[in-house]
Amino acid sequence: MSETQSAFVTGASRGIGRAIAKLFASNGIRVTCASRTIEALDEVVSEIRESGGEAHAIRLDVSDMSDFASAVAESADKFGSVDFLVNNAGIVKDNLLLRMKENDWDTVIDINLKGCFNGIKAVTPIMMKKRSGRIINISSVSGMMGNAGQANYSAAKAGMIGLTKTTARELASRSITVNAIAPGYIATDMTSDLNDQVKEDLINHIPLGRIGTADEIAETVLFLCSAAAGYITGQTIAVNGGLYM
Ligand code: NAD
C-alpha cells in the first residue's frame, strides 16, 4: 500500500464538503467523498480525477451507524487507511421553538450530532491501530452563540463541541487529534434561501463585512490536518469574520 495520506469527507457533494474534498485532492491526499446519493457525487469526483487527484465515491447516510462503519471499511480498503475524517454532513430544519416539530428536532440531532459520533466510532479503531489521525468536526457559530429559530441545530452543533473535547481527551494518548471548526455564514446552498434583506442585515453584524466562502473553511481543515497543527486538539476554531468573538 502507498503511504499517500487519505481523507474521508462526509457531505462532499456540494458546498463546504465539496471544497474540502477538492482541496485535499489538490494537495495530493486521496479522498473518499461520501453523501446520501452516489449520483450527487459524480461531479465532484470527476472534477478531482480530471485535475489529477484520486477520489472514491461512497453512498452514506451518516445517521446510520452500520452504514458509516461499512463506508469507512470500504474507504480503508480502497486507500489503505483513513488518516483524516471530516464530519461535515449537516442539515437545518429551522423553526421557532413553539412551532418546531418533534421530528425536526430528531432528524437534525440524528444527522448533525449522532452522525458525527458515528463517524468517530467508525474511524477510531483504524486510527488507534496506526497511532495517528486527525478528526475535524464541522460545527457552527450557532452552536457557540445560539440563534433564534435553530433550537435543534444549535443544540446539535454545541453537542459536537462537547463531543470534540471528550474524544480529544480520550484519543490524545494515541496521537489522534480531534478539533471542531465553527463557521459563521458561508455562501452555500444551505444559506442560499436567505433573502437579500436578511443577507444585508447579517453582513452588517459581521465585522469583516462579508459572508465567508467554502474555500476558507476548507483551508482551515487542511491546516488542522497538517504537521503544523500537530499540537492542537480539543479546540473549536471559529471562522466567522468576527461575527462571534
Ligand atoms: P449543504 O447543504 O450545501 O451541504 C450539505 C451536505 O451534507 C450535502 O452534501 C448533503 O448531501 C450532505 N448530507 C446531508 N445529510 C446527510 C446525511 N444524512 N448523510 C450524508 N450526507 C448528508 O451545506 P453546507 O453549507 O456545505 O454545510 C456543510 C456543513 O457546514 C454542515 O454541517 C453545516 O451545518 C455546516 N455549517 C454551514 C454554514 C453555512 O453558512 N453554510 C455555517 C455553519 C456551519
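For ligands, and for the atoms within them, numbers begin at 1 and follow the listed sequence.
Regarding atom 28 (C) of ligand 1, its nearest protein heavy-atom neighbour is Asn88 OD1, 3.1 Å. The nearest protein atom to atom 40 (O) of ligand 1, hydrogens excluded, is given as Ile186 N, 2.8 Å; this is a heavy-atom distance. Scanning all protein heavy atoms for the shortest distance to atom 36 (N) of ligand 1 gives Tyr153 OH, 3.5 Å. Taking atom 30 (O) of ligand 1 as the reference point, the nearest protein heavy-atom neighbour is Ile138 CG2, 3.4 Å. At the top of the distance list for atom 8 (C) of ligand 1, counting protein heavy atoms only, stands Ser13 OG, 3.7 Å. Nearest protein heavy-atom neighbour of atom 26 (O) of ligand 1: Ile16 N, 2.8 Å.
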Discussion item. As a quick check of understanding, evaluate salt bridge (Lys or Arg N to Asp or Glu O under 4.0 Å) for Asp215 and Lys22, giving each step before the final call.
Written reply: CA-CA 9 Å; Asp215 288 338; Lys22 291 182 76 170; over 6 Å; no
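Ile161 and Val178 fall into different hydrophobic clusters, where Ile, Leu, Val, Met, Phe, Trp and Tyr residues are linked whenever their side-chain heavy atoms come under 4.5 Å apart, directly or through other members. Residues Met145 and Ile186 do not share a hydrophobic cluster, defined by chaining ILVMFWY side chains whose heavy atoms lie under 4.5 Å apart.
Between Asn204 and Glu200, the side chains place no donor N or O within less than 3.5 Å of an acceptor N or O (distance only, hydrogens not considered).
Distances from atom 14 (C) of ligand 1 to the heavy atoms of Met190, Arg18, Lys157, Arg36 put Arg36 nearest. Nearest to atom 18 (N) of ligand 1 by heavy atom, out of Thr10, Asp61, Val108, is Asp61. Closest heavy-atom approach to atom 11 (O) of ligand 1 within the set Ser35, Gly17, Gly90: this belongs to Ser35. With distances taken over non-hydrogen atoms, the option nearest atom 25 (O) of ligand 1 out of Leu202, Thr188, Val92 is Thr188.
Taking the ring centroids of Phe68 and Phe117, they lie at or beyond the 6.0 Å cut-off.
Using a 4.0 Å cut-off to heavy atoms of Arg14, the atoms of ligand 1 that qualify are 1 (P), 2 (O), 3 (O), 4 (O), 8 (C), 9 (O).
Annotation: salt bridge (charged side-chain N to carboxylate O under 4.0 Å, His left out) contacts of Arg36 (sequence neighbours excluded): none.
Annotation: ring-ring contact (aromatic ring centres under 6.0 Å, His included) contacts involving residues 220-245, sequence neighbours excluded, are absent.
For ligand 1, none of its N or O atoms has an N or O atom of Tyr185 under 3.5 Å away.
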